[in-house]
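Working notes, beginning with the structure itself.
Letters A, B, ... mirror the listed sequences (proteins, then strands); counts begin at 1.
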Amino acid sequence: MARLTPHNEQRARDLIALYPHPRSALIPILHLLQEQDGYLTDDGMQHAGELVGLEAAEVQGTASFYDMFHTEPVGKYLIAVCTNIACLLQGAYELLEHAEERLGIAPGGTTPDGLFTLEDAECLALCGNAPCVTVNWRYFGDVDREGFDDLVARLAAGDLDGEVPPHGTLCRVRRSVGLAAAGASVHGYGGPVPAPAESSRPGAIADEPTDGVDLETFATTPAVLALDGPASPDDGAAPFDDRTEP
Amino acid sequence: MTVTGVPRIVTRRLGRLAPWTLASYLEDGGYDGLRKALSMTPEEVHEAANVANILGRGGAGFEAGRKWGMLAKSEPVYLTINGDESEPATFKDHMLIEADPHMVVEGALICAYAVRADQIFLYVRGEFALGLERLQAAVNEAYAYGAAGGDILGSGWSVDIVIHPGAGAYICGEETALLESLEGKRGYPRIKPPFFPAAVGLYGAPTIVNNVETVSNLPWVMRNGADAFAALGEGRSKGTKVMALSGHVKRPGNYELEFAKVTFRDLMFDARLGGGIREDRQLKAFIPGGVSSPWLGPQHLDVLLANDKIAEVGTMAGSGAVTAMDETTCIVRAAWRIVRFFHRESCGQCTPCREGSGWVEKILQRIENGQGREADLDLLMDVCDNISPGVRWPPAQTTICVLGPSIPPAPASGIRMFRDEFLTHIREGRCPFPPDRLPGRVAHV
Ligand SMILES: Cc1cc2nc3c(=O)[nH]c(=O)nc-3n(C[C@H](O)[C@H](O)[C@H](O)COP(=O)(O)O)c2cc1C
Ligand code: SF4
Ligand code: FES
């Protein structure tokens, strides 16, 4: 393990084609690597560097700056418990303590079966539904102890496989279009422009089939945040209940 | 108070069935704002933004139109939408991106047209997995519909939109760090000057960075006219503002309210808004504008939600995040958690920020765990003074970016407002609130 597979290498080249400079595609490509392997391997980072024109050390230097990138294996499910201010006020540390006991690990640890990694997270921007938890960055709000246990049980049983993909998979919707705007300026600024790869000509990606999930299905998946709670149109204001009950 | 009767602008479509789809967006006049803009010249669209006087919703409150006017005259021009939302207790952009991604896309397109951008980057916080999916689906749909890409809506104008995921770093919300990150580097804020990306931005090219909520106002402004927008609000604070209300209120959530007409009291206590403090307890203190802002107390409840009014009482509106803390809140623990955040998120370039945040965190932690000394209060203020001389507001800055000066407000507010509570921790050798220590294993490492 694990350089990018030929299919994923093509996806990486498609990403590079979206930017004026290849290096800009580094973070998206690292996400792609994490989707493929669950974490970042040395070979993978080497490959990413080759694609965007960087030394492996430079790739590692960038990757290590960002909390979402893991250079060691993590569990299939990365459970992040937010303990920042709004969640703290609603008992987040008590929830984290419970999670530690339930999973038998401290934050940063992974269960021996490789299923769960626990994280003590910073604000996840779901503070209206505190305390909240994400699993592989899928959100669950208003989580109490029972809710947490239930969530863990359902994950372990595979009941949430449709909603929560394995760690590393971020965006399941693929870009289905290439760059279409005319004009040399977009690709012509500041330094040598790399020779575009075969697929990166404007429009080329658009002709390829989208290998993302079916949008219809996705949009109607109940486990995605249900923001369509009742609003009161004539009220001028309404709270929006953005959560999934675990 | 003026909660009713005001149109919702950026949250108007929330509550619809699947509002994130193109079909739903088009039913509500979607992309008509862009159509309107394209029937005008870019200068006219820019002028409309000036009339609407849209204050930046990302935290600094800089007028969008004025920022656009600062663009250096060279090509290419880039537009970057800041969807990195990571300021603790702020959760409005997350909601807008997930619930109404087409509005964000249309707003970005109108902005791009006004500033003649060559390419748009939507920088979205990496943790927003669903937001990234909804936004990518919206961009795909917008291209298919002809609202993005080449010859937009038959106007002959073309621009591409690229969604760029972050990867977990609060500092990338700072606009120059965001641009570094977008260039594939560590998110290190750039040394100023140059002060504005409008002069030197992405790859050195003139670049506009605007917040998600800021540009989300543009479709409405185009459809209804800048005057209608400017008729809402008061003084500099025009239009509406999404207030992210969290903490010990009965009904936390995002509330879009007319700017400068509603008070903190209305926001926290009105039955249609926050609904009061949970279990009808007393409000102890509140954080008025995200964790970087100095705190206020019950005596400030009648301050209006407007940037200048909030500034008058020595703090800031920031990103519009209000956090209520009731009488059961341990102030030391709250301040500790906020400082811990800054310590974890400091990018490490500047010594006062990198080291100072760690010091303040450690001292607060030992006070909370009952091992503090009375001299610690002076020591805390002294370290804060080293980070931001004078510990005043607006803060003095000795660091590359304002994350550094954002560290002192929470502990300094805590000590100034609740000195006795700190002393009780120290004298009794334990926290007077249950549990009497920082919970969890993490607190003991
Ligand atoms: C440490 C730090 C974090 C920031 N985080 C964000 C953020 O998450 N989202 C945002 O829009 N602006 C954030 N800002 C403000 C941006 O630097 C910038 O002012 C803003 O994106 C400009 O957009 P606006 O004028 O439309 O508000 C942050 C600033 C600092 C110093
Ligand atoms: S103030 Fe802190 S976050 Fe900002 S550049 Fe300096 S070290 Fe980095
Ligand atoms: S503080 Fe927990 S999600 Fe914001």
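- With salt bridges taken as basic N to acidic carboxylate O contacts below 4.0 Å, none links R174(A) and E133(B).
- Under the 4.5 Å side-chain criterion, counting only non-hydrogen atoms from C-beta, R23(A) is in contact with K185(B).
- Contact of I171(B) with chain A is made through the side chain alone, with heavy-atom distances under 4.5 Å.
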- Task: Show your working on side-chain contact (heavy atoms from CB on, under 4.5 Å) between Q119(B) and L179(A) and close with a plain yes or no.
- Result: CA-CA 10 Å; Q119(B) 194 169 353; L179(A) 296 187; 4.1 Å; yes
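- Put simply, the side chain of Y203(B) reaches to within 4.5 Å of the side chain of P20(A), judged on heavy atoms.
- Heavy atoms closer than 4.5 Å to chain A are found in the side chain of F121(B), but not in its backbone.
- Here the side chains of Y66(A) and S181(B) are in contact, with some heavy-atom distance below 4.5 Å.
- Proximity of M68(A) to E127(B): side-chain heavy atoms (C-beta onward) are separated by under 4.5 Å at one or more points.
- Using a 4.0 Å cut-off between charged nitrogen and carboxylate oxygen, R344(B) and E122(A) count as a salt-bridge pair.
- For chain B, the option among A63(A), C87(A), A130(A), C127(A) with the highest count of heavy-atom pairs below 4.5 Å is C127(A).
- Options P28(A), C82(A), A25(A) differ in how many heavy-atom pairs under 4.5 Å they form with chain B, and the most are formed by P28(A).
- In this structure, P435(B) and E94(A) have side chains that are in contact, with non-hydrogen atoms separated by less than 4.5 Å.
- Ranking A89(B), C347(B), G187(B) against chain A, the residue ahead of the rest is G187(B), based on heavy-atom pairs under 4.5 Å.
- At a 4.5 Å heavy-atom cutoff, A244(B) makes no contact with chain A through either its backbone or its side chain.
- Counting all heavy atoms, side chain and backbone alike, P165(B) lies closest to H31(A) at CG-CD2, 3.8 Å.
- Heavy atoms of I287(B) lying under 4.5 Å from chain A belong exclusively to its side chain.
- Between chain A and the options L132(B), T240(B), V291(B), D151(B), the largest number of non-hydrogen pairs under 4.5 Å is found for L132(B).
- Heavy atoms of A80(A) lying under 4.5 Å from chain B are absent altogether.
- Across every non-hydrogen atom of A125(A) and H94(B), the tightest pair is O-ND1, 2.5 Å.
- Summarising the geometry of I27(A) relative to H164(B), their closest heavy-atom pair is CB-NE2, 4.3 Å, with the distance given to 0.1 Å.
- Only the backbone of T90(B) comes within contact range of chain A, with at least one heavy atom under 4.5 Å from a heavy atom of that chain.
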- Check the pair L88(A), R333(B) against side-chain contact (heavy atoms from CB on, under 4.5 Å), reporting the backbone distance first and the verdict last. CA-CA 9 Å; L88(A) 173 145; R333(B) 195 177 301 172; 4.1 Å; yes
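- Most heavy-atom pairs under 4.5 Å with chain A, from the set E345(B), R125(B), M243(B): that is R125(B).
- T169(A) does not touch chain B: none of its heavy atoms, backbone or side chain, sits under 4.5 Å away.
- Across I161(B) and R175(A), no two heavy atoms sit closer than the pair O-NH1, 2.7 Å.
- Shortest non-hydrogen contact noted between I163(B) and Y19(A) is O-OH, 4.0 Å.
- In this structure, no portion of C330(B) lies under 4.5 Å from any heavy atom of chain A.
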- Task: Kindly determine whether R186(B) and S64(A) satisfy side-chain contact (heavy atoms from CB on, under 4.5 Å), including the steps that lead there.
- Result: CA-CA 9 Å; R186(B) 292 172 158 238; S64(A) 64; 3.2 Å; yes
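- Contact detail for R337(B) and Y93(A): the closest heavy-atom pair is NE-OH, 3.1 Å.
- Just one of D120(A), N84(A), T83(A) meets the side-chain hydrogen bond (donor to acceptor under 3.5 Å, both in side chains) condition when paired with R340(B); it is D120(A).
- Note on E87(B), E85(B), H248(B): by heavy-atom pairs under 4.5 Å with chain A, the leading option is H248(B).
- Residue with the most contacts toward chain B among V52(A), L26(A), T62(A): T62(A) (heavy-atom pairs, distance under 4.5 Å).
- Only the side chain of R278(B) comes within contact range of chain A, with at least one heavy atom under 4.5 Å from a heavy atom of that chain.
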